[in-house]
There are 2 protein chains.
Amino acid sequence: MQLDRIYTGDSANILRNKERFRSGSVDLIITSPPYGHKRKHVYGGIRPKNYVSWFLPIAEQLKRILKPTGSFILNIKEGATNCERETYVIELVLALRDQGWLWIEEFCWYKKNSFPGKWRHRFRDSWERCYHFARQKDFRMYQDAVKVPIGDWSNERFRSMSQKDYIRNVSGTNSKMGRNVANWLGRKKVYPHNVVVFEKEHYERPPNVLRFSTSCKNYNHSAVFPLELPTWFIKLFTRSGNVVLDPFMGVGSTAIAATLLNRSYLGVEIVPEYAQAARRRVGEARQLKKDSGIIA
Amino acid sequence: MQLDRIYTGDSANILRNKERFRSGSVDLIITSPPYGHKRKHVYGGIRPKNYVSWFLPIAEQLKRILKPTGSFILNIKEGATNCERETYVIELVLALRDQGWLWIEEFCWYKKNSFPGKWRHRFRDSWERCYHFARQKDFRMYQDAVKVPIGDWSNERFRSMSQKDYIRNVSGTNSKMGRNVANWLGRKKVYPHNVVVFEKEHYERPPNVLRFSTSCKNYNHSAVFPLELPTWFIKLFTRSGNVVLDPFMGVGSTAIAATLLNRSYLGVEIVPEYAQAARRRVGEARQLKKDSGIIA
DNA sequence: TAGCAACTTGAATCTACCG
DNA sequence: CCGGTAGATTCAAGTTGCT
């Protein structure tokens, strides 16, 4: 099996190739498939009512290719037809469970820069679903990899600790949750919570809500996701040297993120122009990394 | 039918009373029912596997009581069992559609003050679902009532990118939306479809992500939602003098919000102590409004 | 004063093993 | 092989001090 390749073709066919995509060989699948659309000319253009039956055979192959301890991240959002939200996405979740996938989580990707809405009965659609599926309960998850530095507040706060900071404060409900500020003393890194400052930009990243800017450069492709999105999940679910697969690669964000993080990638893209753009962009990213001497 | 009353009792029974809850009499139903729970001591404690069949008869009555042009807002979030998310919430959505409801929208309530936190295979849950259902396509919606000044919108949107970048980005897409935004950049005005013009001011249509903090004063109730949540939906879907129903009233947030906005309310609460607390809190709110001379 | 910034630990459930 | 039990695993509708 060759790594770091982007195949031009239809995932519904090409994923069945057991030499190119060997069973149990991939650590993470992350993808944003074509969404169901009423209008045929939009990218992909699977009809909502056919969506589940179109996706299931592909998911069957993905299950074969994924390592038993791997994860599958599916970025998707149903549209609205005739005033109603489509149901194919939630039907797909139930169908994937029937196929043997475990539905672990639904992350909310809150899109900071969503376009304004223009509908009388509907607001701007400013979030998408990122489903996390796994093959078995003990999938790999590297939570420490997404820790962030503790805030500057801690210096001041820890200097003047009050009596109450040293005792455990339990909530008034019977939830048994509590906090003890003294336990945070000396901590360098913390789990992601609300506002993360990164290169002077503020990103919000509470546990299962992700807030990134949408991509600035969209390469004439209507569904590019920002690098931060695959980056976050690649850090969370893989380690250096692991393999990441995107069966609907588009212009290659997943492959670029994987490359910058020293992971290998595999991709499939049906539109030749997109596949070509993806290969070029990955090459540029690899060069950039080499030039800058970054060893992640 | 008497208005501004909170009945102590079980919604599964009491909503069938056609004198207390007359057919087609309510403009908005907003509620946060007990979630499915494994733990018995938690409020409500309906088992996930029984949830849909428990809820459907109640929803049938809600459909009877709601005006044809009214809306039903359901705040809920599934938990996790044995490493997987429960499926009863998405099954409920499909079942409610079968019952004749239109699924209009799913708002994301992003709890911006949620704790960080993690378990071996899971981060802390920091968002909940707010489903919007309606009986028919032409439900009432007063978007002006929740408008946001356009200044905030442009500031936030362009904080992280230059306007030139934005034009370049947007004009690369084939979407019509892109041209609208590009136009807007040049003229500082947007098509009226994108922006609400109200008293000569331009307002953005809000997104379908709501950012409210969870309530901190819990009144011995483990699941109080913040006043902002019912307030926002009451403004959006009702006018002064309309009637709002909460069949799982808890300590009365919905009734308080309705009172402060000069709407009438109806409520049902099964726990006598909560019902009593709700009546007391509504009375306090009414008094407060009178004292301060606010006429909303 | 408003806003910010941070996990813990008990209990229910699951599983593996033993009688 | 089945059922019961002990040990392991999983999950949680949160607040509040400080600047």
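Chain identifiers are assigned alphabetically (A, B, ...) following the order of the sequence lines, protein sequences preceding nucleic acid strands; residue numbering begins at 1 within each chain. The analysis underlying the following values was restricted to heavy atoms, covering all of them including side chains, and did not include hydrogens, waters or symmetry mates.
- In this structure, B:W54 has its ring center no closer than 6.0 Å to that of B:Y88.
- For the pair A:E106/B:R85, no side-chain contact is recorded, criterion being any heavy-atom separation below 4.5 Å from C-beta on.
- A donor-acceptor pair shorter than 3.5 Å can be found between the side chains of A:D144 and A:Y191.
- In this structure, B:L74 places its CG atom 17 Å from P of D:dA13, rounding to the nearest Å.
- In the model, A:N242 has no side-chain atom that pairs as donor or acceptor with a side-chain atom of A:K67 under 3.5 Å.
- Distance, A:Q143 CD to C:dA6 C1': 16 Å, rounded to whole Å.
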Step by step, work out the side chain to side chain contact (heavy atoms under 4.5 Å, CB included) result for A:V93 and B:I90. CA-CA 9 Å; A:V93 172; B:I90 56 181; 3.9 Å; yes
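- Of the side-chain N and O atoms in B:R85, none sit less than 4.0 angstrom from OP1 or OP2 of D:dC11.
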Identify each atom pair where a protein N or O and an N or O of nucleotides 3-10 of chain D are less than 3.5 Å apart, giving names and distance.
unit_1, atom_1, unit_2, atom_2, d
D:dT10, OP2, B:R120, NE, 3.2
D:dT10, OP2, B:R120, NH2, 3.4

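- Taking atom CZ of residue A:R187 and atom P of nucleotide C:dA6, one finds them 10 Å apart after rounding to whole Å.
- B:K77 forms no cation-pi arrangement with B:Y35, by the criterion of a distance under 6.0 Å to the ring centre and an angle within 45° of the ring axis.
- Heavy atoms of B:K111 sit under 4.0 angstrom from primed sugar atoms or phosphate atoms, though from no base atom.
- As a whole-Å value, the separation of A:Q136 CD from C:dC14 P is 18 Å.
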Dot-bracket pairing map - DNA chain C, Watson-Crick plus G-U, both contacts under 3.5 Å, | cross-strand: .||||||.|||||||||||
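- If you measure from atom CG of A:N208 to atom P of D:dC11, you get 13 Å, rounded to the nearest angstrom.
- Annotation: B:F72 is not in aromatic contact with B:Y131 [ring centroid separation under 6.0 Å not met].
- For the residue pair B:R279 / B:T8, a side-chain donor-acceptor distance below 3.5 Å is found, with atom types taken as modelled.
- Note on B:D125: nothing from the nucleic acid sits closer than 4.0 angstrom, heavy atoms only.
- Under the 3.5 Å distance criterion, with hydrogens and angles disregarded, no donor-acceptor pair is assigned to the side chains of B:T87 and B:E78.
- The gap from the P atom of C:dA5 to that of D:dA13 amounts to 25 Å, rounded to the nearest Å.
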